[in-house]
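Counting begins at 1 with the first residue of the sequence. Note that ligands are numbered from 1 as they come in the structure, with each ligand's atoms numbered from 1 the same way.
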Amino acid sequence: MQSYRRERERAAQDPSGFWLEQAQRIEWVDRPTRGLDDSGAPLYRWFPDGTLNTCVNALDRHVAAGQGGRVALIHDSAVTGTVRRITYAELLDSVSRFAGVLAGQGVVRGDRVLIYMPMVPEAVIAMLACARLGAVHSVVFGGFAPGELAVRIDDARPKVMVASSCGIEGAKVVEYKPMVDAALERAEHAPDVCIILQRPQALASMGARDRDWHELLADAQPHAAVEVSALDPLYILYTSGTTGRPKGVVRDNGGHAVAMAWSFENVFGMTAEDVWWAASDVGWVVGHSYIVYAPLICGATSVLFEGKPVGTPDAGAFWRVVAEHSVAGLFTAPTAIRAIKREDPDGLLLADHDTSSLRSLFLAGERLDPDTYEWAGAKLGVPIIDNWWQTETGWPIAANPRGLEPLPIKAGSPSVPVPGFDVRVVDPTGEPVEAGEQGAIVIGLPLPPGCLPTLWGDDQRFVDSYLSAVPGCFSTGDGGFLDPDGYLYVMGRTDDVINVAGHRLSTGSMEAVVAAHPDVAECAVIGVRDDLKGQVPRAFVVLKAGSRIDPETLQEEVVEAVRDQVGPVAALKRVVVVPGLPKTRSGKILRRTMRGIADGRPEPAPSTIDDPAVLEAIAPLLQE
Ligand code: COA
Ligand code: AMP
């Protein structure tokens, strides 16, 4: 563990010096002379006197270095049966011109642009065009419905929205434009214009506020990159918290660029020569960091895959992509591998493809279960590398640092804290626990570059949500333990956030929708175990006195409402009517106790339970 230990100690003893050294990986306009700015502690900032442009780092500098002919993006669209290769020079041209389009609509440094698009190159072009102007993008995942979109519009207050007419989900065309219109009807804030990318699979009807992507681009002039402060926000990415109100995670320009450059090489062991594929979605943090920014900042080739691991056309899709594009590193969620394993347990479709280019498979987004780990390792014959992180950090907190020094792999553990992250496991009083003992996972401040400096427009919420439980530490919301070798085991969330097919969702936002049903008196949505998706939400509802609704109608209406307001990605399918909900004497619903029973791992009910008979009455319903 020599190189790893050395780098970890250097980053811990002199964070400023360590990260200033790593900052040399980036092209600055004004090179920073200071690393960490702790003057606003517990809010920390990185590289306060540096200026740069992130788009220049992702595109211009590679073209200027003579690499314009290299392929930057491979758009492999299994759902349309097309493959499009875009070089760095071509991408720079499109991005500069789309930056011209946005500037023509009045977008300037600091303005927000909300992007609601499927996995098409135009999503990446729009993101980088914002970065070029110093505007702040906020990408919303296409699986979120108008209700969630509206909340994000009102929080980010975008000047412009960029959307696609549709996405393609397997054999199904999902129209995005009606969802944009419905969201704008619900939102209080109104962007000046919506730029719509018309896809032939479903042409959108255009309203007074709408402009056509292609028409605007045809007349556009390239726009130069705008110099921004390292501290300027690059993007806002909303993520689920325990309440229905999503948290606007802010990413700065300087620290982010440095973290992307460092982690792509040191954590993932990738270089500019490699074809890299993060099989996620641009709407999630994995997509931001490892489909778009890290591989492009490092000058590598990034695969943008539009399709599913199964069904487009079959469970061999991933292996076809690896073979066809000579992918060296693949990053996805365990659920994708479980889906493939379910369809092709013997790996027969895998055997049809030459996947010898693959050096490692990286998995994250949810706990990597031993079966999936073993199956993937046996079938692919490459190291299976778990890594643990979250939207808030933007890059891995714990991983097996393949580039720095490959360490022994232990099944069930994402491995060791990445240099820069002071990972601790603490008890409810905030005191560190012994090795092997479970507790809350926290990170000693300051967080390294690239992690969220704050929540959008709400420093106080940032402090209250993350920095207050354990003084001097950032609370991750996950629980787990460190073993005697310093390997971290992440066991799951300690709050009511759930993880459905690698997607982080708030039960709170689903509860708000369920509770709004006219027949529902009160409800609890909890995550229950699912073989494919890891967890799925299930709603338990108490009906209003006198309600005569039959359970099937109730379920249909509630499921439809959740799809409409939260989105299909929530995957709420079951609604169970119960006579009552177990609560503490102060009225708090005992969700954790309910979860334990539903998962077949019951824990004793807390002594604060109000009426144990209620729990007894619903226990059989929880287990159904
Ligand atoms: N736009 C519109 N709708 C979307 C969408 C998008 N971008 N993404 C998902 N949806 C819809 C799906 O069409 C589906 O709708 P349906 O209920 O009408 O069928 C619903 O949301 C659930 O989608 P999904 O979670 O993808 O489930 P699935 O059953 O279609 O597929 C898996 C299951 C496991 C194959 C799939 O979840 C998967 O590939 N997961 C990998 C996750 C991942 O990459 N996570 C990122 C972290 S690294
Ligand atoms: P997100 O912010 O959507 O990336 O979700 C982050 C959450 O997913 C974390 O807080 C964890 O609960 C979970 N998670 C991500 N990666 C892992 C992993 N490797 N092992 C266990 N849980 C993970």
Side-chain angles (χ1 to χ4, degrees), residues 116-119 123 140-145 164 166-176 179 237-241 247 249 278-291 305-312 315 317-318 331-343 362-369 385-399 412-415 441 452 475-480 488-495 497-506 530-536 559 562-563 566-573:
Y116 187 60
M117 295 184 108
M119 291 287 285
V140 178
F141 176 61
F144 282 124
S164 166
C166 67
I168 306 162
E169 284 288 299
K172 206 172 42 181
V173 173
V174 180
E175 292 197 38
Y176 278 27
M179 291 198 265
L237 180 56
Y238 288 90
T239 190
S240 302
K247 293 169 169 163
V249 166
S280 176
D281 188 285
V282 285
W284 302 110
V285 69
V286 175
H288 281 63
S289 295
Y290 296 109
I291 295 176
F305 177 68
E306 190 179 20
K308 299 254 176 188
V310 292
T312 48
F318 270 31
F331 184 151
T332 190
T335 188
I337 302 298
R338 286 197 296 273
I340 295 172
K341 176 176 165 231
R342 195 160 82 165
E343 302 268 309
F362 297 93
L363 295 173
E366 54 172 321
R367 188 171 150 70
L368 173 55
D369 53 287
I385 311 297
D386 189 359
N387 54 112
W388 168 66
W389 47 298
Q390 46 188 211
T391 307
E392 288 83 346
T393 63
W395 58 290
I397 309 166
S413 167
S415 302
I441 310 175
L452 80 173
S475 295
T476 66
D478 282 308
L488 182 72
Y489 289 72
V490 181
M491 306 309 288
R493 299 289 303 190
T494 54
D495 54 18
V497 167
I498 60 170
N499 197 310
V500 181
H503 308 319
R504 174 169 158 188
L505 296 165
S506 149
D530 181 80
D531 284 346
L532 175 65
K533 297 194 172 190
Q535 269 186 316
V536 289
V559 165
V562 170
R563 286 178 73 88
V566 180
V569 70
L572 178 80
K573 300 265 194 284

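Ion pairing between a basic and an acidic side chain is recognised when a charged N comes within 4.0 Å of a carboxylate O; Lys308 and Glu343 show no such pairing. Between Asp531 and Arg342 there is no salt bridge, since no side-chain nitrogen of the basic residue lies less than 4.0 Å from a carboxylate oxygen of the acidic one.
Atom CZ of Phe305 and atom CD1 of Ile291 lie 11.0 Å apart (nearest 0.5 Å). In this structure, OG on Ser415 lies 9.5 Å from CG on Leu488, to the nearest 0.5 angstrom. The distance from atom CH2 of Trp388 to atom CG of Asp478, rounded to the nearest 0.5 Å, is 5.5 Å.
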Problem set entry | Worked check of side-chain contact (heavy atoms from CB on, under 4.5 Å) between Leu505 and Asn499 | CA-CA 6 Å; Leu505 296 165; Asn499 197 310; over 6 Å; no
For this session: Run the numbers on Glu306 and Thr312 for side-chain contact (heavy atoms from CB on, under 4.5 Å), then give the verdict.
Result: CA-CA 9 Å; Glu306 190 179 20; Thr312 48; over 6 Å; no
Problem set entry | Intermediate values then yes/no, side-chain contact (heavy atoms from CB on, under 4.5 Å), Gln390 and Thr239 | CA-CA 9 Å; Gln390 46 188 211; Thr239 190; over 6 Å; no
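Every atom of ligand 2 is numbered from 1 in the order shown, and the set under 4.0 Å from a heavy atom of Asn387 is 16 (N), 18 (C), 19 (N). For ligand 2 and Thr391, the ligand atoms under 4.0 Å from any heavy atom of the residue are 1 (P), 2 (O), 3 (O), 4 (O). Numbered from 1 in the order shown, with element, the atoms of ligand 2 that lie under 4.0 Å from a heavy atom of Val285 read 4 (O). Heavy-atom proximity to Asn499, at under 4.0 Å, picks out these atoms of ligand 2: 8 (O), 13 (C). Using a 4.0 Å cut-off to heavy atoms of Asp386, the atoms of ligand 2 that qualify are 18 (C), 19 (N).
Within the 4.0 Å heavy-atom cutoff, Gly477 does not count among the residues contacting ligand 2. The closest approach between Trp284 and ligand 2 stays at or above 4.0 Å for every heavy atom of the residue.
Taking the six-membered ring where the residue is Trp, Trp284 and His503 present parallel rings, their angle staying beneath 30° rather than reaching 60°.
Of all heavy-atom pairs between Ile441 and Val490, the closest is CD1-CG2, 4.1 Å.
For atom 10 (O) of ligand 2, the nearest non-hydrogen atom of the protein is Asp478 OD2, 2.6 Å. Among protein heavy atoms, atom 16 (N) of ligand 2 sits closest to Gly365 N, 3.0 Å. From the protein, the heavy atom lying nearest to atom 5 (O) of ligand 2 is Arg504 CD, 3.4 Å. The protein atom (non-hydrogen) at minimum distance from atom 7 (C) of ligand 2 is Trp389 O, 4.1 Å.
Taking the side chain as every heavy atom from C-beta outward, Val536 and Lys573 never approach each other to under 4.5 Å. By the 4.5 Å heavy-atom criterion applied to side chains, Pro118 and Tyr176 are counted as neighbours.
Counting only non-hydrogen atoms, the option in His503, Met491, Gln390, Glu366 that gets closest to atom 18 (C) of ligand 2 is Glu366.
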Please tabulate protein-ligand N/O pairs under 3.5 Å for ligand 1, atom names and distances to 0.1 Å.
unit_1   : atom_1 : unit_2 : atom_2 : d
ligand 1 : 1 (N)  : Gly142 : O      : 3.3
ligand 1 : 1 (N)  : Tyr176 : OH     : 2.9
ligand 1 : 8 (N)  : Glu169 : OE1    : 3.4
ligand 1 : 10 (N) : Glu169 : OE1    : 3.3
ligand 1 : 13 (O) : Glu169 : OE1    : 3.0
ligand 1 : 13 (O) : Lys172 : NZ     : 3.4
ligand 1 : 17 (O) : Arg563 : NH1    : 2.9
ligand 1 : 18 (O) : Lys172 : NZ     : 2.8
ligand 1 : 18 (O) : Arg563 : NH2    : 2.6
ligand 1 : 19 (O) : Lys172 : NZ     : 3.3
ligand 1 : 21 (O) : Val569 : N      : 3.4
ligand 1 : 26 (O) : Lys308 : NZ     : 2.5
ligand 1 : 27 (O) : Lys533 : NZ     : 3.0
ligand 1 : 29 (O) : Lys533 : NZ     : 3.3
ligand 1 : 30 (O) : Lys308 : NZ     : 3.2
ligand 1 : 44 (O) : Ala279 : O      : 3.3

